[in-house]
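Heads up: the structure comes next, in structure tokens.
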Number of protein chains: 2
Amino acid sequence: MSQAAENATPHRAPTMADVAQVAGVSHQTVSRVLSSHPNVRDTTRAEVLRAIEQLGYRRNSSARALVTRRTLTLGVVACNPTLFGPASTLFGLEEAARDEGYMVSAVTLRQYTASALEDAIDHLSNGGVEGIVVIVPKREAVAALAGLRLPFPVVTVEGGHDLPIPGVSVDQDLGARMVTEHLLAGGHPTVWHVAGPQDWLEAEARIKGWRATLEEAGAEVPPPLVGDWTALSGYRAGQELAGRVAVGSARRRSAPVSAVFVANDQMALGVLRAFREAGLSVPGQVAIAGFDDIPAAEYFAPPLTTVRQDFAAVGKASIRLLLDRVESGATRPDERVVIDPQLIIRNSSTPS
Amino acid sequence: MSQAAENATPHRAPTMADVAQVAGVSHQTVSRVLSSHPNVRDTTRAEVLRAIEQLGYRRNSSARALVTRRTLTLGVVACNPTLFGPASTLFGLEEAARDEGYMVSAVTLRQYTASALEDAIDHLSNGGVEGIVVIVPKREAVAALAGLRLPFPVVTVEGGHDLPIPGVSVDQDLGARMVTEHLLAGGHPTVWHVAGPQDWLEAEARIKGWRATLEEAGAEVPPPLVGDWTALSGYRAGQELAGRVAVGSARRRSAPVSAVFVANDQMALGVLRAFREAGLSVPGQVAIAGFDDIPAAEYFAPPLTTVRQDFAAVGKASIRLLLDRVESGATRPDERVVIDPQLIIRNSSTPS
DNA sequence: CCCGAGTCTGTGAACGCTAACAATAATCGC
DNA sequence: GCGATTATTGTTAGCGTTCACAGACTCGGG
């Protein structure tokens, strides 16, 4: 009557000892086979492999981690998925980590406060990560990071290079210069700017590059409008700008709008809509450029001139930097990787 | 001379025994404090907590996992990040998992072959996950999944409901019906369709809903064009369709194009561009609708009518389904969660 | 003033693996 | 053919937790 109970899968996963018994060797030999130790006779190895196959054995990662002190897991803290950059970076990074044999545990942030970041890191820490990549390009968050004493290495992505934390970033300043120069080269007296949120390092760097380029060219520096990366905020900024095109504003306080560098493609999309609704032609009356080169950018109306960032490279580089620390104990806090962006010229800035 | 060496962080992380010693108790008492066991005197608890604080002690997750047989880690297999859906689902899912105290390890797929999927699952398995969510809405991949004998529960997202694997999905068929009906209601004799890749279950379901709606309305069912989700493929399809607008094709084999349901927003973007270049007005001459409601859709030219999917809900539901299995040993293979989509009507289908 | 039922704490044994060492068998140089 | 290597295998300890159990101590009631 208790047959069923007896046969009922007690379902304790097979252990190394089980395999050893089936193969008629010691558990240590099994271990050796699994870690491809050279000194195992071929016949023995085959025997063991057969037993493993037969039992469907898998090494217990926790036991392994316990004794080797290596979890082979890295953590990533990232933000909102509707942002193209972080998502792409995350994916590139995971691929690079996997190639190196590491797992990647991700934590996403809804808010970018210092405390949310600390919670996220705490969570990863509980998960036993050996190091983390932080993709939270906000000034406040990165500063909080510097204050933490963590038992594992940290690498930032787009975290700025003011703090003694190693990091990877795309040269935002350069990107902004390239776009701005490109627009100026189109013969516009100056270039307006729709910036990202104040406390984002990327937004700041893009403003900086834009401003510097204008100043170097001796062009007037109009006051930048500020958005929040969303298309909606770009739309609002676009409405504002539309009133100043060509004719200039009534009180002629600042240069008329004939070229606009928008700090990301989403906002540029909003600007395009606002201009369209205002009956302005792009690039006829106003030239526009964005930043990011999201997949859709090529199909905007008109196709958007923008700056492409190689996020896969960013991800890969951040893993490289992190593993240098995790595996080789590298420790230089001032190591940086800067990746050059690429200007993609499309129809929104150049009459075809 | 060897001072430095002596002080040099031997940096073995403190253990429970270390804390116990500092606090003057046994390691077991420390364990009890950490797992908030009720029977610990307050003064003792305080003592222990102080020692923990002082040493910066953290529980070793591997040791814990080894003895409890719980890694508190879930795995996710997802695909390309340029796709809005999977990325959003991943993030929603991670949040839900974290709320329940689980880590999430992600693996991304560049290709959707069965073998790539198996590799991914193998990788997660090595990482000791307790269960996985698979977001790979391709027929082939899901079929491969059914053939695997895995030592942990699996839940699919958009994996179709033909196989005995529990899963969550948005009702694609319903979504397609809603758009198609909406377009028909605009007075169009029929609705053309730009479909996604053949082997994607979502593409298939959307075709099905579209076709059924047309048939029920007694409308002609034009041959669907097939894209690959990219804006480029939508652009090509759009060029093809543009030739058949209003006047109909020269040989008048099929209905003229006056309304198009495109299987996702990216492709719809491409179609819009093609129509724009062909001098066709939307929605004046052709009404268009997409699927997904990506953030940019509202700012397309014109703003795109589309179907919104609640990806956060999908992520949350998949974790619920998975944890039912992981924690309570639920085992019904036919459990499904179907989430209703929402029709978002914008200007691309309705003259404003 | 003693006993049973708590309350609080400590002890010893796993958990499943790898590392270090020991032991044995096989091989080689001369 | 003998000692010295080298190849192959087994044995014994941990790794840092939690679990099961056993003590010791407290508190009321009889």
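Note that the coordinates shown come from a computational prediction; the quantities given were computed from them, not determined experimentally.
The separation between B:R70 atom CZ and D:dC19 atom P is 12 Å, rounded to whole Å. A straight line from CD of A:Q21 to C1' of D:dT9 spans 17 Å, rounded to a whole angstrom. Taking atom CZ on A:R58 and atom C1' on C:dC17, their separation rounds to 16 Å, with Å as the unit. As rounded to whole Å, 14 Å separates atom P of C:dG16 from atom CG of A:L55. Atom P of nucleotide C:dG16 and atom CG of A:D18 are separated by 9 Å, given to the nearest angstrom. Atom CZ in A:R32 sits roughly 17 Å away from atom C1' in C:dG16 (whole-Å rounding). Rounded to a whole Å, the CD atom of B:E47 is 16 Å from the P atom of C:dC8. With rounding to whole Å, A:N60 atom CG is found 13 Å from D:dT17 atom C1'.
Nearest nucleotide to the B:V40 side chain, out of C:dT9, C:dA13, D:dT9: C:dT9. Comparing C:dA13, D:dG16, C:dC17 by their nearest atom to the side chain of B:H27 picks out C:dA13. Closest to the side chain of B:S31, from the set D:dT18, D:dG16, C:dT18, is D:dT18. When distances run from any side-chain atom of A:N39 to the nucleotides D:dT18, C:dG16, D:dT8, the shortest one goes to D:dT8. Distances were taken from every side-chain heavy atom of B:R64 (C-beta onward) to each of C:dC15, C:dT18, D:dT17; the shortest belongs to D:dT17. Comparing D:dT11, D:dA7, C:dG10 by their nearest atom to the side chain of A:S26 picks out D:dT11. Between D:dG16, D:dG14, D:dC19, one nucleotide has an atom nearer to the side chain of B:Q28 than all others, and that is D:dC19. Side chain of B:V67, nearest nucleotide from C:dC17, D:dT17, C:dC8: D:dT17.
For the pair B:T44 and C:dT9, the criterion of a side-chain N or O lying under 4.0 Å from OP1 or OP2 is met. The phosphate of D:dA7 has neither OP1 nor OP2 within less than 4.0 Å of any side-chain N or O from A:R41. Between A:T68 and C:dA19, a side-chain N or O to OP1/OP2 separation shorter than 4.0 Å is absent.
You'll find the side chain of B:E47 stays beyond 4.5 Å of the side chain of B:V22, heavy atoms only. At a threshold of 4.5 Å between non-hydrogen side-chain atoms, the residues A:R41 and A:R45 do not count as touching.
Remark: the A:S169 side chain and the A:R336 side chain contain no N/O donor-acceptor pair separated by less than 3.5 Å.
At a threshold of 4.0 angstrom between heavy atoms, the contacts of A:R69 are confined to the sugar-phosphate backbone, with no base atom among them.
Within a 6.0 Å sphere centred on CD of A:E335, other residues, nucleotides and ligands contribute more than 12 heavy atoms.
Remark: the backbone N or O of A:R332 is paired with a side-chain donor or acceptor of A:R325 at under 3.5 angstrom.
Positionally, the nearest nucleotide of DNA chain C for B:T29 lies more toward the 5' end than for the other of B:L66 and B:T29. Comparing A:M16 and B:R45, the nucleotide of DNA chain C nearest to each residue sits closer to the 5' end for B:R45.
Here A:K316 does not pair with A:E95 in a salt bridge; the nearest charged N to carboxylate O distance is not below 4.0 Å.
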